[in-house]
Amino acid sequence: MNADGALSPLMTVRPMDLDDVDRRIAYFHDSSDDFLRQLGVDRSLLPKRKDWKETYRLDFERPIEERQGYGVMWLVDDEVVGWSNVDQIDFGRQALMHLHIADPDDRASGFGAHFVILAVRHFFQVLGLDRLYCEPNAFNVAPNRTLQRAGFRYEFSHMATPGPLNFEQATTRWVITGPLPLPTGR
(Lines give C-alpha, C1' and ligand atoms only; values in the text may rest on other atoms or scores of the structure.)
Protein backbone atom coordinates (compact mmCIF):
# COMPACT_ATOMS: atom_id res chain seq x y z
CA MET A 1 0.00 0.00 0.00
CA ASN A 2 1.09 3.54 -0.61
CA ALA A 3 0.90 6.44 1.85
CA ASP A 4 -2.76 7.05 0.93
CA GLY A 5 -3.71 3.47 1.84
CA ALA A 6 -4.30 2.53 -1.81
CA LEU A 7 -2.70 -0.54 -3.29
CA SER A 8 0.57 0.22 -5.01
CA PRO A 9 0.85 -0.92 -8.60
CA LEU A 10 2.63 -4.23 -9.13
CA MET A 11 5.76 -3.52 -11.15
CA THR A 12 7.50 -6.48 -12.77
CA VAL A 13 9.78 -7.36 -15.65
CA ARG A 14 9.71 -10.38 -17.91
CA PRO A 15 11.91 -11.47 -20.80
CA MET A 16 11.04 -9.87 -24.11
CA ASP A 17 9.73 -12.35 -26.64
CA LEU A 18 9.29 -12.17 -30.39
CA ASP A 19 5.67 -11.05 -30.02
CA ASP A 20 6.92 -7.94 -28.15
CA VAL A 21 9.18 -6.87 -30.99
CA ASP A 22 6.37 -5.31 -33.05
CA ARG A 23 5.70 -2.88 -30.18
CA ARG A 24 9.37 -1.93 -30.07
CA ILE A 25 9.59 -1.46 -33.83
CA ALA A 26 6.41 0.66 -33.86
CA TYR A 27 7.76 2.78 -31.01
CA PHE A 28 10.58 4.00 -33.24
CA HIS A 29 8.78 4.09 -36.59
CA ASP A 30 5.68 5.83 -35.21
CA SER A 31 7.50 8.42 -33.07
CA SER A 32 7.80 12.03 -34.14
CA ASP A 33 11.05 13.32 -35.60
CA ASP A 34 11.45 15.60 -32.57
CA PHE A 35 11.17 12.67 -30.16
CA LEU A 36 13.63 10.58 -32.18
CA ARG A 37 16.10 13.49 -32.13
CA GLN A 38 15.69 13.67 -28.33
CA LEU A 39 16.64 9.98 -28.22
CA GLY A 40 19.55 10.60 -30.57
CA VAL A 41 17.98 8.39 -33.27
CA ASP A 42 18.26 9.09 -36.99
CA ARG A 43 15.01 8.07 -38.71
CA SER A 44 16.88 7.33 -41.94
CA LEU A 45 18.81 4.58 -40.10
CA LEU A 46 15.70 2.68 -38.97
CA PRO A 47 15.46 -0.68 -40.74
CA LYS A 48 12.23 -1.43 -42.59
CA ARG A 49 9.73 -2.98 -40.19
CA LYS A 50 9.72 -6.37 -41.91
CA ASP A 51 13.52 -6.54 -42.11
CA TRP A 52 13.88 -5.45 -38.50
CA LYS A 53 11.43 -8.11 -37.32
CA GLU A 54 13.37 -10.76 -39.26
CA THR A 55 16.62 -9.64 -37.61
CA TYR A 56 14.99 -10.10 -34.22
CA ARG A 57 13.53 -13.48 -35.21
CA LEU A 58 16.96 -14.77 -36.17
CA ASP A 59 18.50 -13.43 -32.96
CA PHE A 60 15.77 -15.03 -30.81
CA GLU A 61 16.64 -18.41 -32.36
CA ARG A 62 20.17 -18.22 -30.94
CA PRO A 63 21.07 -19.36 -27.44
CA ILE A 64 21.13 -16.39 -25.05
CA GLU A 65 24.92 -16.64 -24.80
CA GLU A 66 25.19 -15.94 -28.55
CA ARG A 67 22.56 -13.25 -29.02
CA GLN A 68 23.27 -9.78 -30.33
CA GLY A 69 20.58 -8.39 -28.01
CA TYR A 70 18.39 -9.33 -25.07
CA GLY A 71 15.52 -7.46 -23.46
CA VAL A 72 12.89 -7.33 -20.76
CA MET A 73 9.43 -5.82 -20.82
CA TRP A 74 8.36 -3.47 -18.02
CA LEU A 75 4.87 -4.17 -16.68
CA VAL A 76 2.59 -2.28 -14.31
CA ASP A 77 -0.22 -4.54 -13.10
CA ASP A 78 0.55 -6.91 -16.01
CA GLU A 79 0.28 -4.14 -18.64
CA VAL A 80 3.39 -3.34 -20.70
CA VAL A 81 4.55 0.24 -20.19
CA GLY A 82 8.07 -0.02 -21.60
CA TRP A 83 11.19 -2.11 -21.89
CA SER A 84 14.89 -2.26 -21.44
CA ASN A 85 17.23 -4.05 -23.76
CA VAL A 86 20.94 -4.66 -23.95
CA ASP A 87 23.28 -4.99 -26.89
CA GLN A 88 27.04 -4.98 -27.35
CA ILE A 89 26.88 -8.01 -25.06
CA ASP A 90 30.11 -9.55 -23.86
CA PHE A 91 28.44 -12.52 -22.14
CA GLY A 92 29.59 -12.96 -18.55
CA ARG A 93 31.25 -9.54 -18.53
CA GLN A 94 29.36 -6.47 -19.73
CA ALA A 95 26.66 -5.01 -21.97
CA LEU A 96 25.13 -1.68 -23.02
CA MET A 97 21.59 -1.00 -21.78
CA HIS A 98 18.79 1.06 -23.37
CA LEU A 99 15.53 2.04 -21.68
CA HIS A 100 12.20 3.19 -23.08
CA ILE A 101 8.77 4.02 -21.69
CA ALA A 102 6.38 3.52 -24.59
CA ASP A 103 3.42 5.76 -23.80
CA PRO A 104 4.15 9.47 -23.33
CA ASP A 105 1.48 9.54 -20.58
CA ASP A 106 3.54 7.05 -18.55
CA ARG A 107 6.74 9.09 -18.76
CA ALA A 108 7.55 11.10 -15.63
CA SER A 109 5.47 8.56 -13.66
CA GLY A 110 8.31 7.84 -11.25
CA PHE A 111 8.42 4.20 -12.37
CA GLY A 112 11.65 4.45 -14.36
CA ALA A 113 14.26 3.96 -11.62
CA HIS A 114 12.31 1.04 -10.17
CA PHE A 115 12.15 -0.64 -13.58
CA VAL A 116 15.82 0.02 -14.26
CA ILE A 117 16.72 -1.69 -10.97
CA LEU A 118 14.54 -4.70 -11.82
CA ALA A 119 16.00 -4.88 -15.34
CA VAL A 120 19.59 -4.60 -14.09
CA ARG A 121 19.04 -7.43 -11.62
CA HIS A 122 17.58 -9.55 -14.43
CA PHE A 123 20.41 -8.77 -16.87
CA PHE A 124 23.08 -9.51 -14.27
CA GLN A 125 21.46 -12.85 -13.46
CA VAL A 126 20.63 -14.06 -16.98
CA LEU A 127 23.72 -12.72 -18.75
CA GLY A 128 26.17 -13.22 -15.86
CA LEU A 129 27.36 -9.61 -16.10
CA ASP A 130 30.02 -7.87 -14.01
CA ARG A 131 29.03 -4.42 -15.24
CA LEU A 132 26.36 -2.71 -17.25
CA TYR A 133 26.68 0.56 -19.15
CA CYS A 134 24.05 2.97 -20.39
CA GLU A 135 24.86 5.92 -22.63
CA PRO A 136 21.85 8.18 -23.27
CA ASN A 137 21.88 11.44 -25.15
CA ALA A 138 23.42 13.95 -22.72
CA PHE A 139 20.59 16.43 -23.33
CA ASN A 140 17.80 13.91 -22.69
CA VAL A 141 17.35 14.67 -19.00
CA ALA A 142 14.89 11.89 -18.08
CA PRO A 143 17.09 8.81 -18.64
CA ASN A 144 20.12 10.51 -17.11
CA ARG A 145 18.20 11.30 -13.91
CA THR A 146 16.63 7.85 -13.88
CA LEU A 147 20.02 6.13 -14.11
CA GLN A 148 21.39 8.25 -11.29
CA ARG A 149 18.35 7.45 -9.07
CA ALA A 150 18.76 3.74 -9.88
CA GLY A 151 22.32 3.71 -8.57
CA PHE A 152 24.37 4.05 -11.75
CA ARG A 153 27.65 5.95 -11.44
CA TYR A 154 28.50 8.75 -13.87
CA GLU A 155 31.66 8.00 -15.86
CA PHE A 156 31.99 10.77 -18.45
CA SER A 157 30.32 12.69 -21.26
CA HIS A 158 31.65 12.71 -24.81
CA MET A 159 30.72 12.81 -28.47
CA ALA A 160 29.76 9.34 -29.68
CA THR A 161 27.54 7.31 -31.97
CA PRO A 162 26.12 4.89 -29.38
CA GLY A 163 24.45 2.44 -31.76
CA PRO A 164 23.43 1.66 -35.33
CA LEU A 165 20.27 3.82 -35.14
CA ASN A 166 22.05 6.86 -33.73
CA PHE A 167 23.70 9.95 -35.13
CA GLU A 168 26.85 11.36 -33.53
CA GLN A 169 25.83 13.20 -30.37
CA ALA A 170 26.89 14.22 -26.90
CA THR A 171 26.26 11.23 -24.63
CA THR A 172 26.66 10.59 -20.94
CA ARG A 173 28.11 7.23 -19.96
CA TRP A 174 26.81 5.61 -16.78
CA VAL A 175 27.94 2.31 -15.26
CA ILE A 176 26.77 -0.04 -12.56
CA THR A 177 28.78 -2.92 -11.19
CA GLY A 178 27.15 -5.72 -9.25
CA PRO A 179 23.46 -6.44 -8.91
CA LEU A 180 21.24 -4.01 -7.02
CA PRO A 181 19.06 -4.67 -3.99
CA LEU A 182 15.37 -5.08 -4.72
CA PRO A 183 13.63 -1.72 -4.92
CA THR A 184 11.32 -0.88 -2.02
CA GLY A 185 9.01 1.59 -3.76
CA ARG A 186 8.63 4.16 -6.50
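Reckoned from all heavy atoms, side chains included, excluding hydrogens, waters and symmetry mates. Everything quoted here is computed from the prediction, not taken from an experiment.
Proximity of L118 to T12: side-chain heavy atoms (C-beta onward) are nowhere separated by under 4.5 Å. Counting only heavy atoms from C-beta outward, the side chains of P47 and L165 approach each other to under 4.5 Å. Considering only heavy atoms from C-beta on, M11 stays 4.5 Å or farther from W74 through its side chain. Residues R153 and I176 have side chains not in contact (no heavy-atom distance under 4.5 Å, counting atoms from C-beta outward). Contact of the V72 side chain with the M16 side chain is not registered, since no non-hydrogen atoms from C-beta on lie closer than 4.5 Å. Counting heavy atoms from C-beta on, the side chains of V116 and F152 come closer than 4.5 Å.
Taking hydrophobic clusters as Ile, Leu, Val, Met, Phe, Trp and Tyr residues chained together by side-chain heavy-atom distances below 4.5 Å, I25 shares a cluster with F35. Cluster membership for Y27 and V21, using ILVMFWY side-chain heavy atoms within less than 4.5 angstrom, is shared. The hydrophobic cluster containing L36 does not contain V141, counting ILVMFWY residues as joined when their side-chain heavy atoms lie under 4.5 angstrom apart, directly or transitively. Cluster membership for W52 and F60, using ILVMFWY side-chain heavy atoms within less than 4.5 angstrom, is shared.
Under a cut-off of 6.0 angstrom, the local environment of CD in E79 is sparse, with at most 12 non-hydrogen atoms contributed by other residues, nucleotides or ligands. Summarising the local packing, CZ of R149 is surrounded by more than 12 heavy atoms from other residues, nucleotides or ligands at distances under 6.0 Å.
In terms of modelled atom types and a separation under 3.5 Å, the side chain of Q88 and the main chain of P162 share a donor-acceptor contact. Remark: the backbone N or O of G163 is paired with a side-chain donor or acceptor of N166 at under 3.5 angstrom.
Residues that satisfy the salt bridge (charged side-chain N to carboxylate O under 4.0 Å, His left out) test with R43, not counting sequence neighbours, are D33. Residues satisfying the salt bridge (charged side-chain N to carboxylate O under 4.0 Å, His left out) test with R49, not counting sequence neighbours, are D30. The side chain to side chain donor-acceptor pair (under 3.5 Å) check on Y133 picks up nothing, with sequence neighbours excluded. Residues satisfying the salt bridge (charged side-chain N to carboxylate O under 4.0 Å, His left out) test with R57, not counting sequence neighbours, are E54, E61. Taking E66 as the reference, nothing meets the salt bridge (charged side-chain N to carboxylate O under 4.0 Å, His left out) condition, with sequence neighbours excluded. For A95, the side chain to side chain contact (heavy atoms under 4.5 Å, CB included) partners two or more places apart in sequence, or in a different chain, are V86, I89, L129, L132. Under the ring pair (Phe, Tyr, Trp, His ring centres under 6.0 Å) criterion, H98 pairs with no residue, sequence neighbours left out. Applying the ring pair (Phe, Tyr, Trp, His ring centres under 6.0 Å) test to Y154 and every residue at least two apart in sequence or in another chain returns W174. Partners of D34 according to the side chain to side chain contact (heavy atoms under 4.5 Å, CB included) rule, which considers only residues two or more places apart in sequence or in another chain, are S32, R37. Residues passing the side chain to side chain contact (heavy atoms under 4.5 Å, CB included) test with R14, sequence neighbours excluded: D17, D20, M73, L75, V80.
By the 30° and 60° cut-offs, the orientation of the rings of H100 relative to W83 is tilted.
Closest non-hydrogen pair, S157 versus T172, comes out as OG-OG1, 3.3 Å.
Residues near M159 contribute nothing to a hydrophobic cluster around it, because no ILVMFWY side-chain heavy atom sits closer than 4.5 Å to its side chain.
The distance from atom CG of L99 to atom CG of N85, rounded to the nearest 0.5 Å, is 9.0 Å. The line from CZ of F28 to CZ of R23 is 13.5 Å long, rounded to the nearest 0.5 Å. Here the OG1 atom belonging to T146 is positioned 10.5 Å from the CD1 atom belonging to I117, to the nearest 0.5 angstrom. Between atom CZ of residue F124 and atom OG1 of residue T177 there is a gap of 6.5 Å, rounded to the nearest 0.5 Å. Atom CD1 in I64 sits 5.0 Å away from atom OH in Y70 (nearest 0.5 Å). Atom-to-atom distance recorded for T161:OG1 and Q169:CD is 7.0 Å, nearest 0.5 angstrom.
Judged by distance alone, the side chains of D59 and Q68 never bring a donor and an acceptor atom under 3.5 Å apart.
Listed by first and then second residue, the salt bridge (charged side-chain N to carboxylate O under 4.0 Å, His left out) pairs involving residues 130-144 are E135-R173 (not counting sequence neighbours).
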